[in-house]
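Heads up: the structure comes next, in structure tokens.
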Amino acid sequence: SDIIYVRIIIEALRWVLTFFNKLLATFIVLFVMTLITFIINYVCALVVFHDGTLSYLFIAENHILGQIVALNPDLAYVVYMFVNAAILSLVGVMCVCFGYIIKDLKVVYAVSLITWLIFIALPWSITYVTQPYIEQGLEWIIPSLSIFLITVGILIWIAYKKRVLCDEL
């Protein structure tokens with residue numbers, strides 16, 4: 001009888017690992033694809049505008065992030081490449097979670113698009129996190145990122161509950 005319980009626990013763990021491995025695979029694939037795209041864009045910009053100079057017209061130096069961007073624009077851009085790749089990968093994970101929660105693919109596409117547009121249109125817009133030359137400081141960036149991460153976490157929990165705990169994976 002103990003063997004039966006062990007098999008049940010192993011099967012339950014397999015379902016949990018399968019669920020999170022799918023989300024992790026989604027994140028990694030999207031992160032790498034997005035980062036490669038940003039790197040290609042950056043290299044092309046360096047080749048095309050190799051004699052150009054940074055225009056300080058668009059850099060808000062009234063907060064610490066603007067000063068960092070002004071002092072190290074290349075380093076700031078590389079950091080933002082990684083931040084944007086992570087944010088967009090989490091959007092992909094969020095869309096996969098919508099796919100687990102909602103059965104109809106057309107509805108998943110619509111809900112995913114509307115959710116992303118809401119994140120952009122909110123007063124605490126996700127664009128505060130993804131734009132290197134934004135005039136808002138950390139007092140806007142941290143709440144924006146927090147709202148986004150909490151929402152992604154809630155969607156992962158709902159998808160986990162729907163697929164793993166209800167044995168629908």
Side-chain angles (χ1 to χ4, degrees), residues 15-47 49 54 58-102 105 107-164 169:
W15 284 54
V16 170
L17 289 175
T18 301
F19 175 79
F20 285 109
N21 282 338
K22 286 181 179 183
L23 294 183
L24 182 63
T26 300
F27 182 87
I28 291 171
V29 167
L30 290 173
F31 186 86
V32 170
M33 285 176 37
T34 307
L35 191 61
I36 288 171
T37 304
F38 286 142
I39 290 170
I40 290 170
N41 179 39
Y42 184 62
V43 169
C44 289
L46 288 177
V47 168
F49 302 111
L54 178 65
F58 300 108
I59 297 177
E61 295 185 31
N62 58 344
H63 57 79
I64 188 69
L65 293 179
Q67 294 169 4
I68 292 171
V69 169
L71 292 174
N72 302 304
D74 291 324
L75 177 63
Y77 190 70
V78 169
V79 168
Y80 274 96
M81 284 192 288
F82 280 93
V83 168
N84 278 309
I87 294 291
L88 294 174
S89 299
L90 286 173
V91 170
V93 168
M94 186 173 59
C95 294
V96 168
C97 288
F98 281 135
Y100 284 141
I101 297 166
I102 305 167
L105 200 56
V107 176
V108 170
Y109 288 144
V111 169
S112 298
L113 177 64
I114 290 168
T115 303
W116 177 243
L117 292 175
I118 289 171
F119 276 119
I120 292 172
L122 280 174
W124 302 102
S125 175
I126 194 66
T127 59
Y128 297 150
V129 180
T130 61
Q131 299 296 321
Y133 303 111
I134 196 98
E135 61 272 0
Q136 279 77 12
L138 288 174
E139 66 274 2
W140 288 85
I141 292 171
I142 291 173
S144 171
L145 183 61
S146 299
I147 290 168
F148 176 75
L149 292 176
I150 289 169
T151 304
V152 171
I154 289 170
L155 283 172
I156 290 172
W157 179 78
I158 292 170
Y160 173 81
K161 189 171 180 175
K162 173 112 172 126
R163 290 296 187 193
V164 176
L169 194 60

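Note that the structure is a prediction, hence the values are computed from the model and not measured.
No more than 12 heavy-atom neighbours from other residues, nucleotides or ligands sit within 6.0 angstrom of CZ on Phe82.
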For residues 35-43, please give each side-chain donor-acceptor pair under 3.5 Å, one per line with the distance, not counting sequence neighbours.
{"residue": "Thr37", "atom": "OG1", "partner": "Met33", "partner atom": "O", "Å": "2.8"}
{"residue": "Asn41", "atom": "ND2", "partner": "Tyr77", "partner atom": "OH", "Å": "3.3"}
{"residue": "Tyr42", "atom": "OH", "partner": "Asp74", "partner atom": "OD1", "Å": "2.8"}

Output side-chain donor-acceptor pairs under 3.5 Å for residues 115-124, partner residues at least two apart or in another chain, one line each.
{"residue": "Thr115", "atom": "OG1", "partner": "Val111", "partner atom": "O", "Å": "2.6"}

Legend entry - side chain to side chain contact (heavy atoms under 4.5 Å, CB included) assessment of Ile156 paired with Val93: CA-CA 8 Å; Ile156 290 172; Val93 168; 4.0 Å; yes
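Between Leu149 and Leu90 there is a side-chain heavy-atom pair separated by less than 4.5 Å. Residues Phe148 and Val91 have side chains in contact (heavy-atom distance under 4.5 Å, counting atoms from C-beta outward). Looking at heavy atoms from C-beta onward, Ile101 lies in side-chain contact with Leu155 at the 4.5 angstrom threshold. In this structure the side chain of Leu23 never reaches within 4.5 angstrom of the side chain of Phe27, judged on heavy atoms.
Here the CE atom belonging to Met94 is positioned 13.0 Å from the OG1 atom belonging to Thr26, to the nearest 0.5 angstrom. The structure places CG of Leu145 at 5.0 Å from CD1 of Ile87, a figure rounded to the nearest 0.5 Å. Atoms CG and CZ, on Asn84 and Phe31 in that order, are 10.0 Å from each other to the nearest 0.5 Å. Atom CZ of residue Arg163 and atom SG of residue Cys97 lie 10.5 Å apart, to the nearest 0.5 angstrom. Between the OH atom in Tyr128 and the CD1 atom in Ile142 there is a gap of 14.5 Å [rounded to 0.5 Å].
Summarising the geometry of Ala159 relative to Tyr100, their closest heavy-atom pair is CB-CB, 3.9 Å, with the distance given to 0.1 Å. The two residues Ser89 and Leu30 make their nearest non-hydrogen contact at OG-C, 3.3 Å. Heavy atoms only, all atoms of each residue included: Val129 and Ser144 are closest at CG2-OG, 3.7 Å.
Here Leu17 pairs with Asn21 under the side-chain contact (heavy atoms from CB on, under 4.5 Å) rule; sequence neighbours left out.
Aromatic pair Phe20/Tyr160: ring centres closer than 6.0 Å.
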